[in-house]
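The structure appears right after this line, and notes come after that.
Since this is a predicted model, take the numbers as computed values, not measurements. Computation of the quantities below employed the complete heavy-atom set of this structure, encompassing side-chain atoms and omitting hydrogens, waters and symmetry-equivalent molecules. Throughout, protein chains are lettered first and strands after them, A, B, ... in sequence-line order, and every chain is numbered starting at 1.
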Amino acid sequence: MQERLQELQDEAVKQVADADTLQELEEVRVRYLGKKGPITEVMKSMGRLSKEERPAVGAKANEVRGRVQELIEEKEQTLREAAVTKQLEEERIDVTLPGRPVSKGAGHPLTSVVETIEDVFTGMGFQVAEGPEVETDYYNFESLNLPKHHPARDMQDTFFVTSDLLLRTQTSPVQTRTMEQHEGKGPVKIICPGKVYRRDEDDATHSHQFMQIEGLVVDEGIRMSDLKGIFEAFVKSYFGEDREIRLRPSFFPFTEPSAELDISCAMCGGSGCRTCKGTGWIEVLGSGMVHPNVLRMGGFDPEKYSGFAFGMGVERFAMLKYGIDDIRHFYTNDTRFLEQFTRV
Amino acid sequence: MLISYQWLKEYIQLDDLTPEEAAEKLTLHGVEVDAVHHKGEDITNLVTGRVVSCAQHPDADKLSLCQVDVGEADPVQIVCGAPNVAEGQDVAVARVGGRLPGGMKIKRAKLRGQVSEGMICSLQELGWEGKVVPKKYSEGIFVFPEPVVPGMDAKPLLGLDDTILELDLTPNRSDCLSMLGTAYEMAAVLDREVKLPDPQIVPSAEETAAYIRVDVQSPAANPYYGALMLRDLQVGESPLWLQTSLMAAGVRPLNNIVDITNYVLLEYGQPLHAFDYDQFGSEKVVVRQAQEGETMTTLDGEERTLNAHHLVITNGTKPTAIAGVMGGSDAEVEDATTNVLLEAAYFDPGVVRYAQRDLGIRSDSSIRFEKGVDPNRTAEAGRRAASLMKQLAGGEILAEPSEHDTLHRQPLELDVSLARINRALGTSLTIEEVSAILKRLQFPAEQTDEDLLAVTVPTRRQDIAIEPDIVEEVARLYGYDNIPVTLPNTPATQGGLSLEQKKKRQVRRFLESCGLHEAVSYSLTTEEKEAPLVPENRLRVPVALPMSEDRSSLRTTLVPHLLDALSHNKNRSRQHVSLFEIGSVFFTEEEEITRQPDERTYAAGAMMGLWEEHAWQGEKKPVDFFVLKGVLEGLAAELQIDAVFEAAERPGLHPGRTAVIKNGGRIIGTAGQLHPDTAAAWSLPETYVFELDLQYLLEQQAEVMKYVPIPRYPAVDRDIALVVDTHVSAADMKQVIEEAGGDLLDSASVFDVYEGEHVEAGKKSVAFTLKYLDRGRTLTEEDVTAVHENILAALNKQTGAVLRG
Ligand SMILES: [Zn+2]
């Protein structure tokens with residue numbers, strides 16, 4: 001019987017070795033270790049053996065069974081690994097192929113500039129005020145110290161709708177509207193972004209429609225030095241810590257003193273280049289202390305209150321920031337242009 | 001204003017500054033210098049020469065063979081193509097090895113076999129703009145009007161060693177439209193003296209009144225008119241210094257008399273006018289309002305029709321000049337002129353401004369008068385011109401000019417408070433410092449109190465009217481750079497965006513996240529462009545004088561310009577484009593506009609081509625109505641707004657693929673496919689558009705969100721496929737289901753729609769998934785079946801739907 005067991009073991013070893021798939025291996029397992037398999041048969045027939053023979057045959061049978069079991073498990077492990085390896089090999093993909101595009105639209109660069117500037121100023125305690133694009137002569141001009149026939153009206157060629165209604169030439173009318181809402185009481189701290197219109201022929205640097213952001217601070221004791229402080233904070237926050245500012249005398253009918261704000265040129269660091277026309281400085285906005293007539297017309301007492309105002313061109317900021325050379329790009333909506341402005 | 005640095009030096013010492021340094025100081029403290037031009041900086045080896053002989057080139061009709069004395073032992077031969085070259089002329093010669101503007105290098109050359117050693121130059125070749133070159137020399141070489149020694153450096157003689165400061169003047173600084181004004185400004189900036197001209201006249205015994213008298217009939221418009229009379233003048237070419245001074249300022253020399261009036265205009269900022277006395281044809285200057293419809297021909301050859309608002313200078317019968325704007329062609333000073341009537345007048349700025357606008361003329365005179373010239377310099381400018389005329393054209397100046405004089409010349413006095421200056425600027429200036437600055441400006445000031453200065457404003461500064469004007473003067477001369485840097489002492493303010501502004505940003509972000517690019521387009525458009533997409537007879541807001549036909553009125557919809565943008569992109573081979581825009585549209589109810597229009601913020605979008613594409617996986621999903629609707633439903637969800645889509649017909653849109661979007665019964669927008677005709681009009685493929693009254697959406701207050709507990713018991717799903725008439729809408733069916741489903745029905749959603757084979761014609765199959773849920777217990781089969789049967793019965797009764805067998 002022991003020989004028979006040894007034979008069975010040798011047979012099983014061979015068949016395990018020959019099994020190429022898990023399926024075949026399972027068949028081998030059932031064949032040799034199953035309830036009806038030869039080893040079980042041997043063990044069942046042990047009753048016929050003598051007491052003396054039984055332990056040795058039983059031990060042998062268990063040994064063979066254990067051995068075969070072990071071999072099958074080893075083989076199973078090997079086959080499983082091979083199967084996984086094969087599957088993984090079959091599932092191999094080219095990871096360099098393009099991914100599935102997630103469609104994401106781009107924000108318009110003018111909106112990006114407006115929102116960034118809004119964020120800088122709201123962080124400094126400003127609110128955002130808006131006003132109509134079709135304005136009255138009063139708000140667009142007269143309340144800003146530009147009476148009818150004032151020569152400075154020529155600075156801004158106007159689209160009139162009627163003799164009294166016009167497309168606003170600046171966002172400044174929002175100043176007066178906001179001051180009126182405050183009913184003579186400070187503080188007023190606003191910026192006003194929006195579209196404005198002037199009778200300009202469209203070319204690389206002119207557009208009959210463009211965007212401005214106006215700013216206004218009115219309270220007791222506002223000084224020109226405060227305007228410098230706000231500008232320094234704004235410029236460093238928007239353009240970068242290393243930018244210097246400079247104020248130059250200028251003229252706007254609604255401010256006095258008036259000043260033009262220059263920032264040091266980023267291209268050359270101030271030594272002079274083509275971008276800054278060799279001056280080392282780039283003009284970024286117009287500003288000044290609010291003219292007493294403007295305060296008065298907004299319902300504020302110029303004896304008690306003072307303020308400063310400023311206005312900047314959004315296109316100019318975008319052109320400086322992104323190096324855009326033609327203002328018409330902003331209004332053509334060419335996707336080859338728009339797509340480049342993913343939000344930052 | 002173009003300022004010749006050399007000319008400026010006649011009034012102020014500037015030898016220790018480079019023009020760049022002076023320009024920078026002026027820019028930082030006074031008026032902006034836009035550019036500094038060094039005349040002739042790229043010219044080398046330019047000398048004076050005399051044409052010793054001039055002969056026809058043997059082999060070329062249009063060339064001359066000149067022997068030119070350039071100050072050396074032997075003359076050089078130069079082949080010259082100018083028609084005006086002649087023997088005996090003194091000319092400017094660019095010698096071999098020299099350079100001319102534009103990098104042109106002069107080489108020894110052979111022209112049609114003849115050696116040419118240099119070039120006889122025209123003024124244009126020397127860098128002068130054609131429009132300032134005297135007519136006489138505009139078609140040929142320049143010839144020195146006075147003899148010069150050959151071989152000298154020609155650049156200084158021609159003003160080509162000068163530097164020009166180009167001032168960018170703001171409208172308030174018209175005082176700097178003159179050399180003297182600029183000199184005062186420079187003097188204030190640099191703290192220096194101004195040297196003023198001192199015109200001296202030695203008149204003849206004869207009195208002006210014997211020749212000309214002045215009758216001003218509109219003294220308000222013309223408070224001062226001075227008529228000077230000069231006799232026996234010799235009109236001719238001006239000396240070179242005068243010509244180069246004018247050219248440097250951008251003015252073309254004409255003859256000595258006209259040149260002098262222009263010279264004094266530039267020097268004093270006071271326009272003058274010289275008439276040929278004999279052509280003027282009367283002994284009386286009558287200044288009056290023009291008659292309605294009166295005509296005259298101005299110097300530029302244009303016939304002008306006048307009205308009663310115009311002020312004219314007449315000889316008593318007909319106008320000879322439009323006051324302060326332009327002279328007439330009848331009494332021009334020409335070479336034959338011998339007697340000159342010289343006008344030095346003060347015209348009211350408003351009158352000149354009107355004429356300038358009405359006639360569309362902006363002359364060197366009018367731009368000065370319209371801002372207000374210095375009333376204290378008018379008569380002096382006349383004397384200055386007369387004395388120069390006598391000096392350069394001979395003749396005599398008659399005694400006692402004829403005048404009308406009601407001119408106010410009193411300077412303004414202003415009280416200026418030191419405390420207010422410091423309060424406005426954030427500085428701590430002393431009264432001495434402020435006084436020193438006013439002294440630099442040559443504004444006489446007197447301390448009248450501890451804190452007060454009485455400041456006299458010179459009449460040359462017409463821009464200064466109130467105390468803050470003085471504050472500005474002090475600030476700029478003190479230096480904006482010296483003003484400290486502070487932050488406002490205001491109480492802390494709550495900055496930030498309003499809820500609507502925040503939501504507007506949210507809308508942008510959402511639409512971008514859906515794959516739409518933000519567009520910005522023009523607000524001005526035309527009725528024709530909008531016509532296909534808006535209801536007929538919609539009233540519009542036109543602009544009064546449009547610059548062009550295609551920008552003649554304000555938009556009432558954002559869609560057409562978005563379609564333009566799609567079309568633009570398609571023409572550049574961009575087939576798959578989705579854009580949105582947020583902007584104002586303008587409505588009116590008035591035929592004749594009298595009030596501000598109703599301006600509303602709209603949002604619109606336009607989409608064409610593929611919505612999704614993954615090329616190498618072969619997936620393509622074109623934009624269709626449901627893509628569009630998905631975006632809008634998402635947006636409504638983002639804003640927590642109910643949006644119900646109802647089939648509708650709208651101008652320019654596909655009648656079967658268009659919906660209006662409603663919120664609580666109010667139409668808040670439209671979405672649909674462009675009608676094929678509309679698409680064709682823009683050359684677009686299948687295109688989908690939407691437009692929303694965004695302003696309304698932003699104004700809606702969303703309810704505060706409340707948490708609903710996660711259900712503890714399982715839901716039961718039942719799918720049903722129903723066959724109904726094709727015209728029954730999914731929304732109608734859903735409504736029936738929801739009504740019949742009661743509390744146990746949690747949701748109903750369409751998962752399949754089918755028409756075609758196996759479904760009767762005129763019918764469609766619509767499949768719903770119904771989700772049943774009881775939050776309090778586990779539903780039994782019986783519970784669900786009862787409600788489900790109820791729903792099926794209701795569907796059958798109300799929509800005719802039957803379960804698909
Ligand atoms: Zn630079």
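With values rounded to the nearest 0.5 angstrom, B:Tyr522 atom OH is found 5.5 Å from A:His208 atom NE2. To the nearest 0.5 Å, atom OG of residue A:Ser250 and atom CD of residue B:Glu472 are 8.5 Å apart. Distance CG/A:Asn333 to CG/B:Leu566: 9.5 Å, rounded to 0.5 Å. Atom-to-atom distance recorded for B:Thr27:OG1 and A:Arg246:CZ is 7.0 Å, nearest 0.5 angstrom. For the atom pair B:Ile582 CD1 and A:Thr111 OG1, the distance stands at 8.0 Å (nearest 0.5 Å). One finds the CG atom of A:Asp226 at 11.0 Å from the CG atom of B:Leu425 (value rounded to the nearest 0.5 Å).
A donor-acceptor pair under 3.5 Å links the side-chain atoms of B:Glu599 to the main chain of A:Glu133, judged by distance alone. At least one donor-acceptor pair under 3.5 Å links the side chain of B:Thr493 to the backbone N or O of A:Gly125. Checked by atom type and distance alone, the side chain of A:Lys228 pairs as donor or acceptor with a backbone atom of B:Tyr480 at under 3.5 Å. With hydrogens and angles disregarded, a donor-acceptor distance shorter than 3.5 Å links the side chain of B:Glu518 to the backbone of A:His108. Side-chain atoms of B:Arg173 do not come within 3.5 Å of backbone N or O of A:Phe251 as any donor-acceptor pair.
For a residue to count as touching a neighbouring chain, one of its non-hydrogen atoms must lie under 4.5 Å from one of that chain's; by this rule B:Ser523 touches chain A with backbone and side chain alike. Only the side chain of B:Phe586 comes within less than 4.5 Å of a heavy atom of chain A; its backbone N, CA, C and O stay farther away. Neither the backbone nor the side chain of B:Asp463 comes within less than 4.5 Å of any heavy atom of chain A. In this structure, chain B has no heavy atom under 4.5 Å from any part of A:Pro302. Interface residue A:Pro132: backbone and side-chain heavy atoms are both found under 4.5 Å from chain B. Only the side chain of B:Glu612 has a heavy atom closer than 4.5 Å to any heavy atom of chain A. Both the backbone and the side chain of B:Thr490 come within contact range of chain A, judged by heavy atoms closer than 4.5 Å. Proximity to chain A involves both the backbone and the side chain of B:Ile483, based on heavy atoms less than 4.5 angstrom apart. With a threshold of 4.5 angstrom between heavy atoms, A:Ser306 does not approach chain B through any atom at all. Interface residue B:Lys504: only side-chain heavy atoms are found under 4.5 Å from chain A. Only the backbone of B:His29 comes within contact range of chain A, judged by heavy atoms closer than 4.5 Å. Heavy atoms of B:Pro349 lying under 4.5 Å from chain A are absent altogether. Interface remark: B:Glu20 contributes no atoms to any contact with chain A (heavy atom separation under 4.5 Å). Proximity to chain A involves both the backbone and the side chain of B:Val543, based on heavy atoms less than 4.5 angstrom apart. Using a 4.5 Å cut-off between heavy atoms, B:Ala475 contacts chain A through its side chain alone, with no backbone atom that close. For B:Asn569, the part lying under 4.5 angstrom from a heavy atom of chain A is the side chain only. Proximity to chain A (any heavy atom under 4.5 Å) is shown, for B:Gln596, by both the backbone and the side chain. Residue A:Thr332 touches chain B through both its backbone and its side chain, counting heavy-atom pairs closer than 4.5 Å.
A donor-acceptor contact closer than 3.5 angstrom is absent between the side chains of A:Tyr331 and B:Ser521. B:His568 and A:Asp334 are linked by a side-chain donor-acceptor pair at a separation below 3.5 angstrom, with hydrogens and angles left out of the test. A:Gln127 and B:Gln494 share no side-chain donor-acceptor pair at under 3.5 Å.
Side-chain contact between B:Trp616 and A:Leu97 is present, with at least one heavy-atom pair separated by less than 4.5 Å. Here the side chains of A:Leu247 and B:Leu28 are not in contact, with every heavy-atom distance at 4.5 Å or above. Proximity of B:Val541 to A:Val161: side-chain heavy atoms (C-beta onward) are separated by under 4.5 Å at one or more points. A:Glu256 has its side chain out of reach of B:Glu467: every pair of non-hydrogen atoms, C-beta onward, lies at least 4.5 Å apart. When side chains are defined from C-beta on, B:Glu619 counts as touching A:Arg100, because their heavy atoms get closer than 4.5 Å. At least one side-chain heavy atom of A:Ile230 sits less than 4.5 Å from a side-chain heavy atom of B:Pro488. A 4.5 Å side-chain heavy-atom check between B:Ile466 and A:Pro292 finds at least one atom pair inside the cut-off.
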Exercise for review: Might you work through the salt bridge (Lys or Arg N to Asp or Glu O under 4.0 Å) test for A:Asp164 and B:Arg595, ending with a clear yes or no?
Suggested key: CA-CA 9 Å; A:Asp164 188 49; B:Arg595 293 186 303 271; over 6 Å; no

Exercise for review: Would you please test B:Leu524 and A:Leu167 for side chain to side chain contact (heavy atoms under 4.5 Å, CB included) and show each step?
Suggested key: CA-CA 10 Å; B:Leu524 286 171; A:Leu167 307 194; 4.0 Å; yes

Exercise for review: Determine, stepwise, if the pair B:Arg574 / A:Glu339 fulfils salt bridge (Lys or Arg N to Asp or Glu O under 4.0 Å).
Suggested key: CA-CA 12 Å; B:Arg574 308 285 284 194; A:Glu339 276 169 4; 2.6 Å; yes

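Salt-bridge formation is detected for the pair B:Arg551/A:Asp202: a Lys NZ or Arg NE/NH1/NH2 atom is positioned less than 4.0 Å from an Asp or Glu carboxylate oxygen. We find that B:Arg423 and A:Glu220 are not joined by a salt bridge, their nearest charged nitrogen and carboxylate oxygen being 4.0 Å or further apart. A salt bridge links A:Glu115 to B:Arg509: at least one charged side-chain nitrogen sits closer than 4.0 Å to a carboxylate oxygen. For B:Arg505 and A:Glu118, the salt-bridge test passes: some basic side-chain N is under 4.0 Å from an acidic carboxylate O.
Counting heavy-atom neighbours within 6.0 Å of A:Lys185 NZ, excluding the residue itself, gives a total of 12 or less.
For A:Phe341 and B:His517, the ring centers are positioned 6.0 Å apart or more.
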